[in-house]
Amino acid sequence: MATEPAEAQRSTSATSEPLIGKGWVQGVALVMIFGFLVMGILAYRTYTASMPMPDKVVSESGQPLFTGADITRGQELFQARGLMEYGSVLGHGAYLGPDRTAEYLRVATDNVADQWRGQGISDPHDRVVTEFRTNRYNPDTKTLVFTDRQARAFEDIQKYYATYFGEDSTKYGFLPHMITDKAQIHDLTAFFAWTAWAAAAERPGHSYTYTNNWPAEKRVDNGPTAQVIVWSALSLVALLGGIGIMFAVYGRWSQKIGWHGDATSSTLSFREPGEVSLTPAQRATIWFFAIVSVLFLAQTLVGAAAQHYRADLSTFFGLDLARILPYNLARTWHVQLSLFWTAAAFLAGGIFLVPFIARREPRRQSWLAYGLLGAVAIVVFGSLISEALSIYGVIPPGGLLSQQWEYLDLPRLWQILLCVGMFLWIVIIWRGMRTRLRTESKMNLPWLFFFAGLAIPVFYTVGLLAGSATHFSVADFWRFWVVHLWVEDFLELFTTVMVAYIFVLLGVVRERIALGVIFLDIILYSAGGVIGTMHHLYFSGTPVEHMALGAFFSAAEVIPLTFLTVEAWAFLQLGSRQQAGDAKPFPHRWAVLFLVAVGFWNFVGAGIFGFLINLPIVSYYQIGTALTANHGHAAMMGVYGMLAVGLAMFAFRYVIPADKWPEKWARISFWGMNLGLAWMVFATLLPLGVLQLYHSVNDGYYEARSLGFIAQPGNALLEWLRLPGDVILIVGGVLPFIYIALLALRHSRSGAVADELPEHPLYTELSTAAEQPAAPAKE
């Protein structure tokens with residue numbers, strides 16, 4: 001009889017011993033404590049040293065111009081009408097449309113220069129520089145003073161925005177007569193004016209502005225600071241040194257870390273579809289994945305519509321689309337749906353794996369799963385409808401149902417309900433695993449799976465600190481805890497845990513090896529990823545230490561991606577090495593290939609493209625350009641999108657009967673998604689981003705972000721070249737995935753159903769190395 005592995009022996013005992021040394025846990029604890037201690041200090045500095053919000057703004061002659069309350073109302077309007085999804089402020093927002101900070105600064109400086117020329121000054125450059133860079137904010141009275149010329153410019157720019165947003169046409173890609181209320185125009189202009197003032201006025205005691213001299217604007221002598229250049233150089237040093245240390249450690253202990261440490265001695269026979277019993281809750285997740293596939297299609301379709309605006313702003317193949325689906329609504333839905341369908345796939349993947357982990361399912365667990373599905377559907381469709389009504393002006397700004405910050409666009413009510421739904425998901429996970437958890441050490445894989453899942457709602461909830469009325473710099477700090485820390489660290493952690501656990505459940509990796517991989521990834525990701533969150537706040541009005549620490553530590557984020565690339569071949573071979581002598585094929589070829597695609601896009605999209613735009617000197621010129629979109633698409637779709645589809649394929653394989661499995665469509669879907677994404681990135685976004693970066697450095701940031709630059713014939717051609725990639729992705733990738741999802745849904749109620757599962761539900765251990773016949777001696 002085969003000797004039972006140690007992991008199997010302890011799983012049946014009343015207690016369990018940790019399978020990994022305390023050194024790993026201590027390493028994780030040290031990295032987390034250090035990272036969040038620094039983040040706490042930076043949070044304090046964000047609240048106390050960011051660009052100041054004045055109580056009132058007056059002219060030199062004492063004329064009141066606007067108040068802090070006006071600025072806040074303008075900010076709320078900016079969000080509610082989806083203007084952060086059309087253009088940007090302080091570099092953050094959409095990639096079509098101007099940056100309003102840079103735009104106001106350009107228009108205001110030109111206006112003031114013209115006033116000086118009207119007084120007989122032929123070259124007013126130095127006077128304009130002095131006028132805008134002089135800081136006239138009084139922190140004691142919280143009063144900001146504009147010169148009389150700046151005050152006149154403010155009045156004139158209100159007329160400019162009244163004409164711009166009140167246009168009776170869709171030539172800019174948004175609704176006709178979008179904003180016509182005079183008070184709203186005043187408040188919106190006040191918000192833009194405040195950010196432009198912070199971009200030009202020097203910090204007290206320093207020779208650079210509140211935004212570290214961003215944007216590049218010759219009219220106020222804004223150029224890269226010494227800190228921008230020095231920390232860019234030190235980031236490169238950190239990257240090269242970190243990768244060198246990683247390779248040195250890997251070379252010394254390569255047989256003990258990573259997937260190379262997987263020296264299993266068993267020969268496995270994987271259970272084929274039809275041989276694996278599924279629980280009612282596992283079958284319920286097929287509905288999740290089916291809805292995920294439909295949301296995926298909707299996201300790509302509205303994304304294609306948003307892309308068409310960049311290629312041809314005036315018409316959608318003869319249709320005036322902006323009257324029905326303006327650009328800012330299309331991009332809002334595109335961004336929100338990308339988060340919704342990937343997150344829903346993660347929730348479903350967790351529920352699907354739990355019975356395999358616990359080997360049992362509590363009664364009525366499927367009811368909770370269906371309840372969660374209904375709650376997710378309400379949040380998804382409720383938020384999409386609310387966002388449309390907010391952009392159309394039906395819902396007033398600043399309320400529970402009005403749109404919010406980019407990436408956190410879903411209105412406050414739906415954001416709160418989404419947090420509640422994710423905690424409900426954790427209750428489902430806990431309920432399914434609690435029997436197993438009672439007998440497990442908290443350092444072992446079942447508890448690690450639970451803790452990684454718990455981090456998802458906990459860190460998403462932090463986004464609630466970024467309210468519509470929150471000071472811009474403070475809101476940016478907290479919303480990027482979600483956009484970066486939640487996505488790139490804790491979702492990455494849950495990703496690693498789920499992938500490792502799948503291979504443990506398949507028997508191709510021992511739990512001890514999986515734990516080593518997970519703990520190593522946590523240390524590597526968190527060492528750079530936690531503090532690296534600050535690379536989003538270089539120019540958000542925060543103190544310079546945000547840029548220094550963000551640049552230095554975000555460079556370290558490339559190190560774990562390099563490690564995963566080195567380990568890619570060993571990862572790819574998992575599932576085949578333990579199958580010698582078994583006629584049954586490995587059932588998860590396409591699920592594994594989607595996971596391999598995750599590794600590829602992680603290195604290319606998150607690693608190479610992410611590091612490119614994270615260097616302060618590059619970010620200074622390119623923030624909010626196509627290079628940012630290039631990184632976003634390659635990383636979001638390439639990593640979390642491919643993982644979500646891989647999880648779905650893993651679940652579908654056990655639901656669809658073996659003789660019904662659509663091998664051809666799985667292959668087409670895999671290549672369609674990856675080739676379509678590669679085309680999108682390398683044929684359009686990357687070359688356009690490089691051109692836009694060059695234009696920004698050579699001619700100015702304002703010029704590079706203008707519609708005139710995007711509409712140039714050569715750039716428009718690059719935008720049109722994205723069309724074949726979109727078609728390949730949608731038709732060749734998404735539609736076959738939907739077909740497979742519907743096929744799985746059709747068979748979701750067929751097959752064996754069980755509440756109790758065997759010890760090894762997904763494989764049979766045929767023999768160990770000791771029992772296998774010795775190889776014949778060579779003659």
Side-chain angles (χ1 to χ4, degrees), residues 78-88 92-96 174 288 291-307 309 324-348 373 375-392 394-395 397 399-422 456-457 460-461 463-464 466-468 475 478-484 486-487 491 628-629 632-633 635-637 639-641 644 730 734:
F78 177 71
Q79 299 165 57
R81 301 309 300 272
L83 296 180
M84 203 172 191
E85 299 291 359
Y86 186 99
S88 57
H92 293 305
Y95 315 120
L96 178 67
F174 49 69
F288 271 89
I291 292 176
V292 159
S293 69
V294 175
L295 294 179
F296 186 13
L297 176 63
Q299 185 236 338
T300 57
L301 291 176
V302 294
Q307 166 59 23
Y309 278 106
I324 307 168
L325 183 69
Y327 174 83
N328 48 343
L329 180 57
R331 188 177 188 267
T332 297
W333 281 354
H334 179 63
V335 171
Q336 284 299 289
L337 285 168
S338 69
L339 296 173
F340 282 144
W341 75 263
T342 52
F346 276 42
L347 302 185
L373 178 62
V376 169
I378 290 172
V379 169
V380 169
F381 295 108
S383 64
L384 295 179
I385 292 170
S386 294
E387 287 156 4
L389 294 177
S390 184
I391 287 175
Y392 270 85
V394 176
I395 294 174
L400 282 175
L401 291 174
S402 63
Q403 186 164 319
Q404 295 195 100
W405 301 99
E406 183 199 25
Y407 301 121
L408 299 177
D409 295 276
L410 67 167
R412 194 72 162 180
L413 173 65
W414 304 114
Q415 191 177 355
I416 293 170
L417 291 179
L418 182 59
C419 293
V420 172
M422 287 193 289
I456 292 178
Y460 184 83
T461 305
L464 292 174
S468 292
W478 293 119
R479 79 184 181 96
F480 279 113
W481 271 56
V482 175
V483 177
H484 179 98
W486 182 66
V487 172
L491 275 185
T628 306
H633 283 77
M636 186 65 195
M637 177 58 210
V639 178
Y640 298 104
I730 296 171
V734 182

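Quick caveat, the model's predicted, so the values are computed rather than measured.
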Spatial distance of atom [atom1] ([X]) from atom [atom2] ([Y]) [nearest 0.5 Å]:
X: R412; Y: L417; atom1: CZ; atom2: CG; answer: 12.0 Å
X: F78; Y: E85; atom1: CZ; atom2: CD; answer: 9.0 Å
X: I456; Y: L347; atom1: CD1; atom2: CG; answer: 7.0 Å
X: W341; Y: T300; atom1: CH2; atom2: OG1; answer: 9.0 Å
X: L337; Y: L295; atom1: CG; atom2: CG; answer: 6.0 Å
X: L83; Y: F174; atom1: CG; atom2: CZ; answer: 7.5 Å

Shortest non-hydrogen contact from [X] to [Y]?
X: G382; Y: W414; value: O-NE1, 3.3 Å
X: L384; Y: W333; value: O-NE1, 3.0 Å
X: A475; Y: W405; value: CB-CZ2, 3.4 Å
X: P411; Y: L400; value: CB-O, 3.3 Å
X: W486; Y: Y460; value: CD1-N, 3.5 Å
X: N328; Y: T332; value: O-OG1, 2.6 Å

Query raised in the report: Looking just at side-chain N and O atoms, do D409 and Q404 make a donor-acceptor pair shorter than 3.5 Å?
Result: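 No.
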
Query - Short side-chain donor-acceptor distance under 3.5 Å, Q336 and S383 - result: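 Not at all, the side chains of S383 and Q336 share no donor-acceptor pair under 3.5 Å.
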
[X] side chain near [Y] side chain, heavy-atom distance below 4.5 Å:
X: M84; Y: Y407; value: no
X: S390; Y: S402; value: yes
X: Y392; Y: L329; value: yes
X: V487; Y: V482; value: no

Requested in this report: Please report the C-alpha distance between Q415 and V379 in whole Å, then the side-chain angles of each, then the deciding distance to 0.1 Å, and finally whether the side chain to side chain contact (heavy atoms under 4.5 Å, CB included) criterion is met.
Outcome: CA-CA 8 Å; Q415 191 177 355; V379 169; over 6 Å; no

Look at the side chain of [X] and the backbone N and O of [Y], then say whether any donor-acceptor pair between them is shorter than 3.5 Å.
X: H334; Y: V302; value: no
X: Q79; Y: S468; value: yes
X: R479; Y: G467; value: no
X: T461; Y: P457; value: yes

Query - Test log, rule side chain to side chain contact (heavy atoms under 4.5 Å, CB included), inputs L464 and W478 - result: CA-CA 8 Å; L464 292 174; W478 293 119; over 6 Å; no

Requested in this report: Start with the C-alpha distance between F480 and H92, add both sets of side-chain angles, then the distance that settles ring-ring contact (aromatic ring centres under 6.0 Å, His included), and finish with yes or no.
Outcome: CA-CA 11 Å; F480 279 113; H92 293 305; 5.1 Å; yes

Query raised in the report: Has R331 got its NZ or CZ under 6.0 Å from the middle of the six-membered ring of Y95, at an angle within 45 degrees of the ring axis?
Result: yes

**Report entry** Candidate pair L389 and L401, rule side chain to side chain contact (heavy atoms under 4.5 Å, CB included), full reasoning
**Finding:** CA-CA 9 Å; L389 294 177; L401 291 174; over 6 Å; no

Report task. Look at the rings of Y309 and Y327 and say which category their plane angle falls in: under 30° parallel, 30 to 60° tilted, over 60° perpendicular. Result ->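 Correct class here is perpendicular.
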
**Report entry** Trace of the side chain to side chain contact (heavy atoms under 4.5 Å, CB included) decision for T342 with M636
**Finding:** CA-CA 9 Å; T342 52; M636 186 65 195; 3.6 Å; yes

